[in-house]
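Quick caveat: nothing in here was measured; it's all calculated off a predicted structure. Chain identifiers are assigned alphabetically (A, B, ...) following the order of the sequence lines, protein sequences preceding nucleic acid strands; residue numbering begins at 1 within each chain.
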Amino acid sequence: MGDATQNDSKVVVRGLGKVFERKGDGLVVLDQVDLTIAAGEFVCLLGPSGCGKSTLLNIIGGFEKPTVGSVTIDGAPVVGPDPRRVFVFQEYGVFPWASVWDNIAIGLRHLPRAERDARIHRYVELIGLEGFEKTYSSELSGGMRQRVAVARALAVSPDVILMDEPLGALDSLTRFQMRTEILRLWQKERMTILFVTHDVDESVQLADRVVVMSPRPGRIAAVVPIDMPHPRELGSPAYAALKTKLYELLSVTHAV
Amino acid sequence: MKYSLWPFITVAVATVIIYGSRRFREVAQRLILPLAALAIFVSAWQFGCDLKKYELRSPDGTIRLLEVFPTPWQTVVELGRMVTDGTLLRYTVASMYRVAIGFGLAVLIGIPVGLTMGWGARTFRALNPLVQGLRPISPIAWIPIAILWFGVEDASAIFLIFLASLFPIVTGSFTAVHTIPSVYVRSARNFGLRRFELLRYVIFPASLPQIITALRLALGIAWMVIVAAEMIAVQSGLGYVITDARNGNNYARVCGAMVCLGALGVFLDYAIRQLQRLDEVRWGFSKV
Ligand SMILES: Nc1ncnc2c1ncn2[C@@H]1O[C@H](COP(=O)(O)OP(=O)(O)OP(=O)(O)O)[C@@H](O)[C@H]1O
Ligand SMILES: [Mg+2]
């Protein structure tokens, strides 16, 4: 897919910087970040722990304000959270006091009843949780809960999904299934996805482009396009070469 | 004879049972262990009564030893009398009624106030010093004011119960809101929930387990305060039984009323604990 062209660019980050105030001085977390994501593109944000990935995602999601620079989506500046771009939090964003059904219903509460029920049915089916509609999410496994978080986000038909290490808490088998699941949903719905991870393999399997960040202060160290059709052959030499390249980029940025 | 024998035998038997209970089944343990502990307590009570006796010399020259404190058996007999003459039922209803009204009012006012303080930073800044300043004043200190205001009437006692329950409920409610993990609020905001919807779908359900814990605490305090309130501010209820019986030198009745207070307190706590079993809050209690 390569770099985004001017007219189909969805998310545009320009000259972004973030400084957290501390006693005495400030902690520079993001510095001069420029990033353009095309509509329908799947971008993975890869970087060492503490480099500011979550901070960047939170600013794009409208949960935090940048110190300098701007974020625009569809040309309009981001001023706060918005149902058109949904954040999938690492683990606990699903409401434990509500059932699977009610969790998915939360973003659909203004729809007419028939349409809302139809949608919820569709997304429950999509994540394979039929029969669990009335189950309280506190009684689900971690993987099931994460699928609810994804379904809840998809149900509102957002055009951007921001995922902050959504699979980080899962065991490797569930992780793997969820990756396939997310890819399937993305190919079906073609929303724009910005996906934070520190798992190199995950980024190569999922992304159109992998954006590598340097350690704090977080800058964009490299952008690696992954030009392979889905489903990707995880054992292929090209796949292995890309993984090696990303590992090298990560260790180089570490060393600097 | 000065000392009764049965407390010693009972303690010995109860001790053997407690030591041997390791081999009992769980159900049996749940039943037998508390009973054994109760038996030891009652034995200690009897022993305490035997320690302090006085001599009563009858005109015919015989000497009898009498207890100063009411014994367990005298208390049971007096309780039976209270049941048959109707005082127990009448005064239990009176006390329960006052607690129900006072506590109910505190719930109706305290939860909304607490939630508002928890969510609104400015409301919190305005009200918190006041709440924290009023909270440490024992409800008993309000008794003179209550009587001045409401007279020796139900309303005085209800007012005191209301005060006793209000501050724990308010504090518990705003603390509950303050400790909601920010990820829930962010999710809610992300899906466009604001104001009333945010309160209804997130703030309230997320705080509910902690609010229920606060209610339980407040009800316990209310039940303790009712005795003090009724001893001074009204002329009925279990607290009044205690003052009245003391004035009549009927200490067995004092103890009988105390036993009732304990039993009813256990019942009230059991009743309010049932709230923890609601589907909407089970997630907040790891083990009910
Ligand atoms: N609210 C905050 N106030 C002060 N400092 C913060 C705040 N949030 C994050 N930071 C700091 O900013 C830096 C980057 O944090 P961030 O959470 O964005 O890292 P990350 O790349 O997501 O790391 P990880 O992979 O471990 O999740 C960290 O050093 C952190 O201590
Ligand atoms: Mg992070």
Side-chain angles (χ1 to χ4, degrees), chain A residues 54 57-64 78-111 134-140 145 148-158 160-166 169, chain B residues 111-112 114-115 118-121 172-216 272-288:
Chain A
S54 297
L57 214 63
N58 273 297
I59 292 173
I60 296 174
F63 295 114
E64 300 218 25
V78 170
V79 287
D82 190 312
R84 284 172 302 173
R85 35 179 195 273
V86 179
F87 211 110
V88 178
F89 295 92
Q90 187 157 356
E91 199 183 359
Y92 300 107
V94 173
F95 303 141
W97 55 81
S99 62
V100 168
W101 182 277
D102 290 340
N103 262 288
I104 300 176
I106 200 76
L108 309 173
R109 61 200 182 287
H110 298 309
L111 292 182
K134 296 280 163 278
T135 308
Y136 278 80
S137 71
S138 53
E139 287 155 13
L140 297 176
R145 221 173 298 166
V148 174
V150 172
R152 188 173 74 165
L154 290 173
V156 298
S157 309
V160 181
I161 300 192
L162 306 165
M163 302 202 194
D164 191 0
E165 297 192 44
Chain B
I111 293 179
L115 290 176
W119 191 242
S173 302
F174 74 64
T175 311
V177 176
H178 285 168
T179 50
I180 296 175
S182 67
V183 60
Y184 295 144
V185 178
R186 286 188 168 193
S187 285
R189 284 240 157 96
N190 202 167
F191 288 107
L193 276 79
R194 295 176 61 222
R195 296 167 199 276
F196 180 72
E197 284 182 334
L198 189 65
L199 182 74
R200 155 129 174 45
Y201 292 111
V202 178
I203 307 293
F204 184 65
S207 321
L208 204 50
Q210 266 184 273
I211 292 178
I212 287 173
T213 304
L215 294 185
R216 193 179 164 194
I272 202 159
R273 261 202 342 251
Q274 299 312 304
L275 288 176
Q276 299 180 355
R277 292 171 182 269
L278 293 174
D279 282 347
E280 291 79 8
V281 299
R282 271 210 317 263
W283 63 276
F285 300 96
S286 47
K287 196 175 171 226
V288 176

### Task
Check B/Trp283 against A/Pro96 and note the closest heavy-atom contact, atom names and distance.
CE3-CG, 3.6 Å

### Message
Between B/Tyr201 and A/Ile106, is there a side-chain heavy-atom distance shorter than 4.5 Å?
### Response
yes

### Query
How are the rings of B/Tyr184 and A/Phe95 set to each other: parallel, tilted or perpendicular (split at 30° and 60°)?
perpendicular

### Message
Can you tell me which portion of A/Arg152 sits under 4.5 Å from chain B's heavy atoms? Options are side chain, backbone, both or neither.
### Response
both

### Summary
Answer key: most heavy-atom pairs under 4.5 Å with chain A among B/Pro181, B/Ala206, B/Gly284 is B/Ala206

### Close approach to chain A in residues 192-200 of chain B, criterion heavy atom under 4.5 Å
B/Gly192, B/Leu193, B/Glu197

### Residue A/Asn58 versus chain B: region with a heavy atom under 4.5 Å
side chain

### Query
A/Trp97 pairs by side chain to side chain contact (heavy atoms under 4.5 Å, CB included) with which of B/Val202, B/Leu278, B/Asp279?
B/Val202

### Message
Using a 3.5 Å distance criterion without hydrogens, assess whether the side chain of B/Asn190 forms a donor-acceptor pair with backbone atoms of A/Asp82.
### Response
yes

#### Entry: Under 4.5 Å from a heavy atom of chain B, the part of A/Val86 involved
both

### Query
Which heavy-atom pair separates B/Val183 from A/Gly93 by the least distance, and what is that distance?
CG2-CA, 3.8 Å

### A/Tyr136, part contacting chain B, at a heavy-atom distance under 4.5 Å
side chain

### Query
Which region of B/Pro205, side chain (C-beta onward) or backbone (N, CA, C, O), has a non-hydrogen atom less than 4.5 Å from a non-hydrogen atom of chain A, or is it both or neither?
both

#### Entry: Any side-chain heavy-atom pair of B/Arg186 and A/Phe87 under 4.5 Å
no

